[in-house]
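The block underneath contains the structure these notes are about, expressed in structure tokens.
Protein chains get the first letters and strands the later ones, always in sequence-line order, with residue 1 at the start of each. Remember, predicted model here, so these are calculated numbers, not experimental data.
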Number of protein chains: 2
Amino acid sequence: MKITFLGTSGTMPTVDRGPSAVAIIRKGELILFDCGEGTQQRMVKARLGFGRRMKIFVSHLHGDHILGLPGLLETMNLLNREHPLSIYGPKGILNFLNAIFHILGVPDFPLDVLEIAGSGVIYSDSEYRVEAIRANHEGESWSFALIEYPRPGRFHPEKAKELNIPRGPLWKRLQQGEPVMLGGKIFQPEGIVDAPRPGRKIVYSGDTSPNKALTELALEADVLIHEATFDDDMVDRAQRDGHSTATQAAEIAAAAKVDRLFLTHISSRYPSTESLLEKARKIFPMTFIAEDFMKIEIPLKS
Amino acid sequence: MKITFLGTSGTMPTVDRGPSAVAIIRKGELILFDCGEGTQQRMVKARLGFGRRMKIFVSHLHGDHILGLPGLLETMNLLNREHPLSIYGPKGILNFLNAIFHILGVPDFPLDVLEIAGSGVIYSDSEYRVEAIRANHEGESWSFALIEYPRPGRFHPEKAKELNIPRGPLWKRLQQGEPVMLGGKIFQPEGIVDAPRPGRKIVYSGDTSPNKALTELALEADVLIHEATFDDDMVDRAQRDGHSTATQAAEIAAAAKVDRLFLTHISSRYPSTESLLEKARKIFPMTFIAEDFMKIEIPLKS
């Protein structure tokens, strides 16, 4: 699993930072959090491709988080995309896309647009789920967590053979952590299969002021991507506008005991992010400033 | 007068080329032809500023020519723009912007959106006019010419003094090329004022297949910015899709006797533009390939 930051600016882009977008590549699938203006061109530069299996999660309907959608969909259409695409976002995203399609035409590939009905699991398959919780920001705004399900523990065939459990469906059930019955005797998976290996968790704040529910959602996440629009001296403005300071983001990362914190949505007033990083690291040393085109690996947990 | 190319890609952006936008700075005013996705960020990089007097001319309602408008207007609004802004474009541009404003909010600064009613002069002040003609492209599409009015010729005060014409309103009228009457005698401006100096002309094709009317509009232009989506081998496809080859653009430049031709809207299939340039220069040697952030000066004519 790899994260590529495609847009790390605040509301207004700067020379080096485009509006919000974070791409996660997981087993070939592209999971996009937000799609600010210019995302498609930054996808070209990052060589992510337009034909992959893909889902887009939109945190809220502000321009700097959605204005890359129309162009991205149009480019996919021109490239004769065949894979379906699902877009999850707040109420109103259907109207926004319909208005755009009315002018630019409707894409030919299968497109699902799903308006988030409420907090909870908004997507799930056999390998991971995406949860949404309300963010503290103007209008209907969401934070997201991508949570992998635990992977089965390592299976030890020699142990199964010792116990005369025959290779086949019984091995499979044991590997899935379930007990099996053989000749009237029950065999527990313990000793034959190691404990399940935890899945990974990536949490994306969207735009928000500090949010206790987000701290809970981010508990022990591998990566927390949290907005840090402002420096400490603008904490009142941050609260008023539904944003966070770098310090506040670090406090959430510390409380949630995450592995790594990446600060994004940096206001254009900070051409240097030194002060933001310094303050955040005092509270949470594993803090990094996200930069456009920065790539990070999220290793499997053992 | 200076031209900055802000987007020179075809429909799809590439690593180096963003979607269509051309900025002309004239006496501090910014005149923008088209506004593809990412234009605002490229304006930041080109240090053009968001507070200037400004007009935007939109050639047609395809995504690669308009999807930068919403973000640009939003950024201007956030920066508390005060100058009014006028946008001229094809029928439907009002609906497009209204749909966007419905989601993102209406800008607070004075915004005029004018749908082009037909070919002819669509803007005029005391110094220049903008003419629009129909382009050969899908839907309602326009090409534009920015045409400066001639400037008054150089005034020779010593000649006026020799003729005993007193400094004051009579000098002013002579400078404007008008005869004056003094003591019952008529003085013609010839000999006192040189001939008017021609204004400059910049012509922008938008998306179009070769167009005779555009050749006429571009007659003796200082700069013709013409689309060159394709190379010669795709001339049929170009015709079908309402586009031009580099060769065709050069033929128009030659027929119109322009000073310089800049090719833009280059398809993403040409990472190297060598072949396009070579073919065009065979027909019109003063051809150049426009590149994002390229700046060119248009000197005053003597």
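The minimum heavy-atom distance linking B/Ile103 with A/Gly92 is given by the pair CD1-O, 4.2 Å. Looking at every heavy atom in both residues, B/Leu67 comes nearest to A/Glu74 through CD1-OE1, 4.5 Å. Pairing each heavy atom of A/Val44 with each of B/Pro13, the nearest pair is CG2-O, 4.0 Å.
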Show your working on side-chain contact (heavy atoms from CB on, under 4.5 Å) between A/Leu61 and B/Leu104 and close with a plain yes or no.
-> CA-CA 7 Å; A/Leu61 297 183; B/Leu104 303 183; 5.6 Å; no
Please walk me through it: do A/Thr11 and B/Thr75 pass side-chain contact (heavy atoms from CB on, under 4.5 Å)?
-> CA-CA 8 Å; A/Thr11 314; B/Thr75 288; over 6 Å; no
Any chance you could lay out the side-chain contact (heavy atoms from CB on, under 4.5 Å) test for A/Asn95 and B/His102, step after step, and finish with the verdict?
-> CA-CA 10 Å; A/Asn95 277 346; B/His102 187 70; 5.6 Å; no
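Within 6.0 Å of atom CD in A/Glu291, more than 12 heavy atoms from other residues, nucleotides or ligands are found, so the atom counts as buried in its surroundings. Environment of NZ in B/Lys295: crowded, with over 12 heavy atoms of neighbouring residues, nucleotides or ligands closer than 6.0 Å.
The contact between B/Leu78 and chain A is made entirely by side chain atoms (from C-beta outward), counting heavy-atom distances below 4.5 Å. Of the atoms belonging to A/Ser9, not a single heavy atom falls under 4.5 Å from chain B. Neither the backbone nor the side chain of B/Asn98 comes within contact range of chain A; no heavy atoms are under 4.5 Å apart. Heavy-atom distances place no part of B/Ser268 under 4.5 Å from chain A, backbone and side chain included.
Judged by distance alone, the side chain of B/Gln41 and the main-chain N or O of A/Thr14 form a donor-acceptor pair under 3.5 Å. Under a 3.5 Å cut-off, the side chain of B/Glu37 and the backbone N or O of A/Glu37 do not form any donor-acceptor pair.
Contacts with chain A were tallied for B/Ala99, B/Ala46, B/Gly71, B/Gly63; B/Gly63 has the most, counting heavy-atom pairs under 4.5 Å. When each of A/Arg47, A/Arg17, A/Met43 is checked for heavy-atom pairs under 4.5 Å with chain B, A/Arg17 comes out on top.
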